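Structure first, then comments.
Just so you know, these numbers use all the heavy atoms, side chains as well, and skip hydrogens, waters and symmetry mates. Below, read A as the first sequence line, B as the second, and so on, with proteins coming before strands; counting in each chain starts at 1. No experiment lies behind these values; they were computed from the predicted model shown.
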Number of protein chains: 2
Amino acid sequence: MMRFYDDLRVGDRVELGSHLFTADDIKAFARQFDPQAFHVDEEQGARSHFGALVASGWHTASIWMRKLVDHRKREAEAMQARGERIPQVGPSPGFRDLRWYRPVFVGDTVSYSVEVIEMRVSQSRPDRGIVNMLGIGENQNGVRVISFESATFVERRDSTTP
Amino acid sequence: MMRFYDDLRVGDRVELGSHLFTADDIKAFARQFDPQAFHVDEEQGARSHFGALVASGWHTASIWMRKLVDHRKREAEAMQARGERIPQVGPSPGFRDLRWYRPVFVGDTVSYSVEVIEMRVSQSRPDRGIVNMLGIGENQNGVRVISFESATFVERRDSTTP
C-alpha cells in the first residue's frame with residue numbers, strides 16, 4: 001500500500017506474503033516474549049486446551065508487521081526505479097479490535113494482507129489522509145487466524161503543490 | 001492478577017515490573033519484526049520525525065506480555081507454595097484500542113501494569129468470568145507510552161463446587 005491517499009480506494013487489498021510457522025520459530029519468539037507452556041513446549045502444548053504447540057498471538061501479529069515493512073520497501077524500491085515520488089506513510093497511533101480467531105499450529109502457513117476499510121482527510125494535517133486498514137492473516141485452509149484495524153497517516157498527492 | 005474472578009474488583013491494579021530499552025534490544029527486535037529505518041539505525045532515527053532511534057510499538061507491546069507471564073508464574077509459584085488452588089486464567093480472544101502515545105527511546109525504562117476496568121460473568125461458560133483489563137506501560141517520567149484493553153476468561157472460585 002505504498003500509494004498516495006488520492007490513489008487509494010475503500011476495498012483495495014494487497015497481499016503482503018506468507019510465513020511458515022515452524023516449531024523453532026514459535027518457541028524462539030515465545031521464550032523471549034510469551035513463555036507460556038503451550039508456546040514453548042510440544043508436550044505441554046499437547047496437554048493444553050489447544051492440543052498442540054501454538055504460536056503466541058503477539059508472534060502472529062509481529063510477523064504481519066514484518067510483512068508490511070518488507071512490502072513497503074519493495075514498492076518504494078520499484079517506485080524509485082521508475083523515478084516516481086514515494087509517498088510519506090505513517091506513523092500509526094495504534095489499532096483497534098485485534099482478534100485471534102484460531103490458533104496457529106506448527107507447520108501452518110499464514111498469508112498476510114491489508115485492506116482499506118475507511119478513508120478521511122486529516123483535520124489537523126490537510127496534507128495527510130487517515131486511512132483505516134484491516135490487517136489480516138489467514139492459514140493455508142483460508143481460515144482467518146488474526147485481524148485488526150489500524151489507522152495510518154498517508155500523504156496526499158497534492159501536498160507539495162499547495 | 002492470578003486471582004479467581006470472585007476475588008477481583010474493578011480498579012484493582014498490579015505492577016508487573018519494568019524493562020530498560022537498550023539500543024541493542026530495540027534493534028534486535030526490529031531487525032526481526034519491524035525493520036523500519038528509525039527502529040534499526042541511530043542515524044536514520046535522528047533524521048526521522050522521532051529525532052532518535054525508537055522501539056517498535058510491537059516490541060513495547062510484546063514486553064508487556066512477557067512481564068504479565070512472568071508475573072503470573074511468580075504468583076502461581078507462591079500460591080502453590082502456600083498450598084492454594086491456582087485459578088485457570090485465559091485464553092484471551094484479542095484486545096481493543098491499542099494506543100502508542102509516545103515513542104520509547106534508547107535508555108527509557110518502561111514500567112508495566114494491568115488494571116481491572118470491567119467484569120461480567122460469562123454467558124457461555126458460567127464457571128468463568130470475563131475480565132476486561134487495561135494493559136499499561138509508562139516511562140521513567142510517569143508518561144504513558146502504551147495502553148490497550150484486553151478481555152480474559154478467569155475461573156470463578158465456586159466453579160468446582162456446583
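At a cut-off of 3.5 Å, with distance as the only test, no side-chain donor of A/S18 or A/Y112 sits close to an acceptor on the other residue. Judged purely by distance below 3.5 Å, without hydrogens or angles, the side chains of A/R13 and A/S113 pair a donor atom with an acceptor atom.
The pair A/R157-A/D7 meets the salt-bridge criterion, since a charged nitrogen lies less than 4.0 angstrom from a carboxylate oxygen.
Looking at B/F148, only its side chain comes within 4.5 Å of chain A, counting heavy atoms on both sides. For B/K67, no part sits under 4.5 Å from any heavy atom of chain A, backbone or side chain. Residue B/S92 touches chain A through both its backbone and its side chain, counting heavy-atom pairs closer than 4.5 Å. Contact of B/R31 with chain A is made through the backbone alone, with heavy-atom distances under 4.5 Å. No part of B/E149 comes within reach of chain A, as not one of its non-hydrogen atoms sits under 4.5 angstrom from that chain.
Chain B forms more heavy-atom pairs under 4.5 Å with one residue of A/S150, A/G94, A/P35, A/A61 than with any other, namely A/P35. Ranked by non-hydrogen atom pairs under 4.5 Å with chain B, the options A/R72, A/H49, A/R99, A/Q32 are led by A/Q32. The choice from B/Y101, B/W100, B/F50, B/F95 that makes the most heavy-atom pairs within less than 4.5 Å of chain A is B/F95. Among B/I146, B/D70, B/I63, B/V69, the residue with the largest count of heavy-atom pairs under 4.5 Å with chain A is B/V69.
Ring centroid separation for the pair B/F29 and A/F33 comes in under the 6.0 Å cut-off.
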(request) For the pair A/D41 and A/K27, evaluate salt bridge (Lys or Arg N to Asp or Glu O under 4.0 Å) and give the outcome as yes or no after the intermediate values. (result) CA-CA 7 Å; A/D41 185 88; A/K27 289 190 261 186; over 6 Å; no

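The aromatic rings of B/F21 and B/H59 sit perpendicular to each other, their planes meeting at more than 60°, with 30° as the lower class boundary.
Within 6.0 Å of CZ in A/R102 there are 12 or fewer heavy atoms belonging to other residues, nucleotides or ligands.
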